[in-house]
Amino acid sequence: MKISIILQDQTEEHEMPEVFANQSSAVRSRLVEILDGNNDGPGKLQEIADTLRELIPHYNWVGFYITLPGTRTLVLGPFAGQPTEHTRIEFGRGICGQAAERQSTFVVQDVSREDNYLSCSIKVKSEIVVPIFRDGSVIGEIDIDSHRRDAFTEEDSRFLEELALRTEPLVPKDFPE
């Protein structure tokens, strides 16, 4: 699927993943603009976090965790929302750590029912974490919290998994500790 974006009297064609088609035109247009833009990888990740939080109502906190090379530790990267004390998470710990350890998308529709949950805010009711892979290893994650229970659908999972594929090149290979 292609979409046309008119910017300053110029029409540009951009490839649009089919899964993005279910998102609003504002979200689709902005993600394509970011991914095609000139910003560096971490800058694009910040723009993506800001855009998702701003334009998708049930995405109340959006962040990227990056795996420290040669470790089983996730470090908080670009994010949009309230600051969190969880700036380093070991694989297996909390929702993020479990998603990294299992190497699969992890959706929790009611965090109050999860034993291995790291609470960032009493407002958080559900969470989705999607790993980002490079060469078969988890190099990072997209982490989204919602203030609503049962906030995340299969559509959210598919959308964020596609976005994770597209953000892989943006994750730095030498992320600082």
**Report entry** Any residue meeting salt bridge (charged side-chain N to carboxylate O under 4.0 Å, His left out) with Glu168, in chain and number order, not counting sequence neighbours
**Finding:** Arg134
Report summary line: Distance col, row Thr153:OG1 vs His58:NE2, nearest 0.5 angstrom, shows 6.0 Å
Query raised in the report: Shortest non-hydrogen contact from Pro57 to Leu55?
Result: CD-O, 3.5 Å
Query raised in the report: What is the distance from atom CD of Gln82 to atom CG of Asp145, rounded to the nearest 0.5 Å?
Result: 11.5 Å
Query raised in the report: Is a side-chain donor or acceptor of Glu127 paired with a backbone partner of Val111 at a separation under 3.5 angstrom?
Result: no
Report task. Report yes if the side chains of Phe79 and Asp143 come closer than 4.5 Å at any heavy-atom pair, otherwise no. Result -> no
Requested in this report: Apply the side chain to side chain contact (heavy atoms under 4.5 Å, CB included) test between Val32 and each candidate in Asp36, Leu35, Ile34; give the one that qualifies.
Outcome: Asp36
Query raised in the report: Run the side-chain contact (heavy atoms from CB on, under 4.5 Å) check on Arg72 and Glu101 step by step: do they pass?
Result: CA-CA 9 Å; Arg72 292 175 45 86; Glu101 187 168 74; 3.0 Å; yes
Requested in this report: Fit a plane to each ring of Tyr59 and Phe152, take the angle between them on a 0 to 90° scale, and name the class: parallel (under 30°), tilted (30 to 60°) or perpendicular (over 60°).
Outcome: tilted
Query raised in the report: What heavy-atom pair brings Pro172 and Pro42 nearest, and what distance separates the two atoms?
Result: CG-CG, 4.0 Å
**Report entry** Contacts of Gln46 that satisfy side-chain hydrogen bond (donor to acceptor under 3.5 Å, both in side chains) - sequence neighbours left out
**Finding:** Asp50
Report task. Could you grab the distance from atom CZ of Phe91 to atom CD of Gln103, nearest 0.5 Å is fine? Result -> 8.0 Å
Report task. Could you check if a side-chain atom of Leu163 sits within less than 4.5 angstrom of a side-chain atom of Leu52, using non-hydrogen atoms only? Result -> yes
Report summary line: By side-chain hydrogen bond (donor to acceptor under 3.5 Å, both in side chains), Asp150 pairs with (sequence neighbours left out) none
Requested in this report: Check whether any side-chain heavy atom of Leu68 lies under 4.5 Å from a side-chain heavy atom of Arg88, and answer yes or no.
Outcome: yes
Query - side-chain contact (heavy atoms from CB on, under 4.5 Å) between Ile48 and Phe64, intermediate numbers included - result: CA-CA 10 Å; Ile48 290 167; Phe64 290 89; 3.9 Å; yes
Query raised in the report: What residues, two or more places apart in sequence or in another chain, satisfy side-chain hydrogen bond (donor to acceptor under 3.5 Å, both in side chains) together with Arg148?
Result: none
Report task. Would you give the length of the straight line joining atom NZ of Lys44 to atom CZ of Arg166, rounded to the nearest 0.5 angstrom? Result -> 12.0 Å
Report summary line: Of all heavy-atom pairs linking His147 and Asn60, the shortest is N-OD1, 2.6 Å
**Report entry** Minimum-distance pair of heavy atoms, taken over all atoms of Leu76 and Trp61
**Finding:** CD1-CH2, 3.8 Å
**Report entry** Pairwise side-chain contact, Val107 with Asp156, heavy-atom cut-off 4.5 Å (strictly under)
**Finding:** no
Query raised in the report: With sequence neighbours excluded, what pairs up with Glu154 under the side-chain contact (heavy atoms from CB on, under 4.5 Å) test?
Result: Ser157, Arg158
Query raised in the report: Got a sec, which residues hit side-chain hydrogen bond (donor to acceptor under 3.5 Å, both in side chains) with Thr73, two or more places apart in sequence or on another chain?
Result: Glu90
Report task. Decide yes or no for Arg30 and Glu47: does some side-chain heavy atom of the first lie under 4.5 Å from some side-chain heavy atom of the second? Result -> yes
Report task. Could you check if a side-chain atom of Gln109 sits within less than 4.5 angstrom of a side-chain atom of Ser126, using non-hydrogen atoms only? Result -> yes
Query raised in the report: So do the side chains of Thr105 and Leu160 get within less than 4.5 Å of each other, counting heavy atoms only?
Result: no
Requested in this report: Might you point out which heavy atoms bring Gly77 and Ile66 nearest each other, and give the distance in Å?
Outcome: CA-CG1, 4.5 Å
Requested in this report: Search all heavy atoms of Cys96 against all heavy atoms of Ile89 and return the closest pair with its distance.
Outcome: CB-CD1, 4.0 Å
Requested in this report: Taking the side chain as every heavy atom from C-beta outward, state whether Ser146 and Val124 have any atom pair closer than 4.5 Å.
Outcome: no
Query raised in the report: Among side-chain atoms of Asp110 and Ser112, is any donor-acceptor pair under 3.5 angstrom?
Result: yes
